[in-house]
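Below: the structure, in structure tokens.
Convention: sequence-line order gives letters A, B, ...; per-chain numbering from 1.
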There are 2 protein chains.
Amino acid sequence: MGVTIYDVAKKANVSMATVSRVINGNTNVKPTTRQKVLDAINELGFRPNAVARGLASRKTTSVGVIIPDISNLFFAELARGIEDIASMYKYHIILSSSDQQKNKELDLLDNMLEKQVDGVIFMGSSVTDEHIEVFKRANVPVILAATVDESQSLASVNIDYYQAMKEAVQFLAEHNDEVIGFVTSPLNATINEMKRQGYEDALSDKGLNFNQDLIYAGDDSYNSGIEAANYFLSLQKRPKAIITSSDEMALGVIHGAQDQGVKIPEEIEVIGFDNTRLANMVRPTLTSVLQPMYDIGAVSMRLLTKLLRGEEIEQEQVTLPHRIVERDSTK
Amino acid sequence: MGVTIYDVAKKANVSMATVSRVINGNTNVKPTTRQKVLDAINELGFRPNAVARGLASRKTTSVGVIIPDISNLFFAELARGIEDIASMYKYHIILSSSDQQKNKELDLLDNMLEKQVDGVIFMGSSVTDEHIEVFKRANVPVILAATVDESQSLASVNIDYYQAMKEAVQFLAEHNDEVIGFVTSPLNATINEMKRQGYEDALSDKGLNFNQDLIYAGDDSYNSGIEAANYFLSLQKRPKAIITSSDEMALGVIHGAQDQGVKIPEEIEVIGFDNTRLANMVRPTLTSVLQPMYDIGAVSMRLLTKLLRGEEIEQEQVTLPHRIVERDSTK
DNA sequence: TTGAAAGCGCTAACAT
DNA sequence: ATGTTAGCGCTTTCAA
């Protein structure tokens, strides 16, 4: 551009300090002076340089967001929640996908810190001690969104995955005392482990059948859902219900079963997880455990703004509510 | 942090300039000196301040991305393409959703320019004269991704929407000389107008039936696809094929029709647009016009890097290839 | 209410 | 091959 605060000051016949005050909404400026400055700003088409500002004030009003994969429906929804609140508080988002690779995650964090982000929102598979150490050394607040740190030493926003999965299994067990299959995912390792635990505990609480054969390791994709269906159908003792750790895999399971002429939910009930928009886009519509992705993002960002503004925080580990949304893939 | 280039210089017994040279990979440094500096950097845990760097060099290595809605599958995929190439070239992405509101788009651009982004990738519904004017005044390169500027005065990456839609209709017309319905969307107004034109021209080329009743104005959502199906089924002369301007609406059409007992593709054929992952997640699987979203993003970003580095550009308006991916929703 | 002036941490001539 | 020295455009004491 070329127009600086100095040019404005000269034009308005005031000092740079006064222009700065006007830009920043400082009240200690005489109204007439303020107007003079405002006029000069308009005439010159002055646009404050946020980089210079950042250097002088040591605040950039931008926050880093490390996300496994922005093209994933689940995370994209979460990102939107972050973004909406960020823009409400005048923060910018620097967004990068990590593919859940630890090295990439750490590198991204480093780059963002070089850019002097005021804070970071992190989504990732698992939080190792190294992660924690790096986060603490970062000198800016870090929030984990939909990401569990077992040591509970970082601020975070999640649902109770263990309990959610347990309830889903219990829900099935009400009208189904037969075997229940489970499709896991390697993504979000820690969270999936919690889900698996909930699954197992629910079964043993009910005195139901459990063995390793009933767990199929998917990869979070639609196709792995289809493969899971094929696998379960090939079992001697077929499950009468299947629960997956994501909606996309649940759709795969439904279609995989239907492709083999199996009726859903009559012969096999299916429950997904996350309650993404996909749950309505399938026949029968998918019963799913609602996880409020948008809210997790929004609450994470809100929490970050509180930290950034030194506001009172009641609780650094936030747990949002979940619930089962019943549709037609269950009886 | 607190550690600056000055601290490193002192520790290594060299000048700041030398440290700067080492950081920036300048070759004019004696290997032993370089090593001394590197050691000092490690010992002190020095991390270069990108903000200071940006101020001094007038380059931020960050680019702004204005996107209608990051939680939309289509745009999220595009964003991922942008991001992958950006990170390959060491650029950071500042990402904001505009909801295709002109004011928001212009505001976002303004904010990004304040942040001194080196360039901008813009995705939006329509490009008005005001957009163009603002883009030109921005003083940084702007690329339109999956966004058409009819005046052709800006760099852009698209497919030939007109031709793509025309081919889709011709494809249907091969085995279907009956009426063909069309579901539009208000999103991407200009592009949808091109698609509509392709639809109409294809019909008239074939001497086929056309009237306004055959166009249903959807809103790009799954539900509006269902509504479109209901609408078309209520017509006296039902279409024998329906083509939509997005996959999500196509799924809605399929399910809306199936919910009323209509067989796809036997009674009605359906074609979607974009060939998103959804096309495989439905029964019957969806024939769709492939638009390479990821590539559009990647090529846009690559084009931007060329502009930024002053590399030779052959063509500022890039048209990527499209094609029809046949699946089971058509005969 | 306003101004003067010293940085913020780095790059980029220009010297040597 | 290395050092000196202006800035980059703004914020922020400190004074007035």
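- In this structure, the CD1 atom of I5(B) is 15 Å from the C1' atom of dA6(D), given to the nearest Å.
- Whole-Å rounding puts the Y6(A) OH to dG9(D) C1' distance at 13 Å.
- Looking at heavy-atom distances under 4.0 Å, N49(A) makes contact with sugar-phosphate atoms alone, never a base.
- Scanning for side-chain hydrogen bond (donor to acceptor under 3.5 Å, both in side chains) contacts around S300(B) gives an empty result, with sequence neighbours left out.
- Spacing between atom NZ of K10(B) and atom P of dT4(D) amounts to 14 Å, rounded to whole angstrom units.
- Shown here are the side-chain contact (heavy atoms from CB on, under 4.5 Å) partners of V29(A), two or more places apart in sequence or in another chain: T18(A), R21(A), V22(A), T33(A), R34(A).
- Remark: D7(A) engages V3(A), T4(A), L44(A) in a side-chain contact (heavy atoms from CB on, under 4.5 Å) (not counting sequence neighbours).
- Heavy atoms of V14(A) sit under 4.0 angstrom from primed sugar atoms or phosphate atoms, though from no base atom.
- Remark: S96(B) engages no residue in a side-chain hydrogen bond (donor to acceptor under 3.5 Å, both in side chains) (not counting sequence neighbours).
- Residue R58(B) contributes atom CZ, which lies 12 Å from atom P of dG7(D) at whole-angstrom precision.
- The phosphate of dG3(D) (OP1 or OP2) has a side-chain N or O of T18(B) nearer than 4.0 angstrom.
- Screening residues 138-153 of chain B for salt bridge (charged side-chain N to carboxylate O under 4.0 Å, His left out) gives no qualifying pairs among residues at least two apart or on separate chains.
- Contacts of D39(B) classified as side-chain contact (heavy atoms from CB on, under 4.5 Å), with partners at least two apart in sequence or in another chain: Q35(B), E43(B).
- Helix bend of the helix from dT1(C)-dA16(D) to dT16(C)-dA1(D): the angle between its two end axes, each built from five pairs, comes to 30° after rounding to 10°.
- Each of I23(A) and V29(B) was matched to the nucleotide of DNA chain D holding its nearest heavy atom; the match closer to the 5' end belongs to V29(B).
- For the side-chain contact (heavy atoms from CB on, under 4.5 Å) test, residues two or more places apart in sequence or in another chain that qualify with E314(B) are K306(B).
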Extract from the structure each pairing of a protein N or O with an N or O of nucleotides 12-16 of chain D at less than 3.5 Å, listing the distance.
none

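- Taking 4.0 Å as the cutoff to heavy atoms of chain A, we find the contact window on DNA chain C bounded by dT1(C) to dG9(C).
- In summary, the side chains of Q291(A) and Y161(A) do present a donor paired with an acceptor at a separation below 3.5 Å, with no hydrogens or angles considered.
- For the salt bridge (charged side-chain N to carboxylate O under 4.0 Å, His left out) condition, the pairs that include at least one residue of residues 80-98 of chain A, sequence neighbours left out, are R80(A)-D84(A), R80(A)-D69(B), R80(A)-D99(B).
- Residues Y89(A) and M301(A) form no side-chain contact, since every pair of their non-hydrogen atoms from C-beta on lies 4.5 Å or further apart.
- With sequence neighbours left out, the side-chain hydrogen bond (donor to acceptor under 3.5 Å, both in side chains) criterion links N49(A) to no other residue.
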